[in-house]
Amino acid sequence: MIEAILYNLKEEIYKGKETIVWTGQSSLIDPSSIESAASSFTNKMVHHLVNDSILKK
């Protein structure tokens, strides 16, 4: 299992208020290498975040 969590660090943290903007996870079944699996997940995650206008290019 690989997971990523994107936080908004510019917002002031209030008691009980989440600053999580986005979370994503993927199951890995016997990847050929952890490094290539992590790289693939990261590239897909960034592409998704840019396409959904969560991140700016």
Side-chain angles (χ1 to χ4, degrees):
M1 180 68 74
I2 187 169
E3 181 177 54
I5 302 172
L6 179 65
Y7 292 92
N8 182 348
L9 299 178
K10 287 189 174 186
E11 294 296 320
E12 193 171 330
I13 298 174
Y14 294 103
K15 196 185 317 185
K17 183 176 179 182
E18 292 288 335
T19 58
I20 295 174
V21 175
W22 182 88
T23 62
Q25 57 181 224
S26 180
S27 296
L28 304 175
I29 301 171
D30 197 24
S32 58
S33 90
I34 298 296
E35 291 81 13
S36 66
S39 178
S40 176
F41 175 79
T42 303
N43 288 333
K44 289 176 184 176
M45 176 187 69
V46 170
H47 180 75
H48 176 77
L49 292 171
V50 170
N51 280 344
D52 287 354
S53 299
I54 296 169
L55 292 179
K56 295 178 185 176
K57 235 180 179 180

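Side-chain atoms are counted along with the backbone in the values below, which use heavy atoms only and exclude waters and symmetry mates.
Neither Tyr7 nor Leu55 shares a network with the other; the hydrophobic side chains, linked directly or stepwise wherever heavy atoms of I, L, V, M, F, W or Y lie under 4.5 Å apart, form separate groups for each.
Taken to the nearest 0.5 Å, the CG atom of Leu28 stands 6.5 Å off from the CD1 atom of Ile34.
Within the structure, side chain to side chain donor-acceptor pair (under 3.5 Å) pairs that include any residue of residues 21-32 comprise Glu3-Gln25 (at least two apart or interchain).
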Side-chain donor-acceptor contacts of residues 38-46 below 3.5 Å, not counting sequence neighbours, with atom names and distances?
residue	atom	partner	partner atom	Å
Thr42	OG1	Ala38	O	2.8
Asn43	ND2	Ser39	O	3.3

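Listed by chain and number, the residues in a side chain to side chain contact (heavy atoms under 4.5 Å, CB included) with Asp52 are His48, Ile54 (sequence neighbours excluded).
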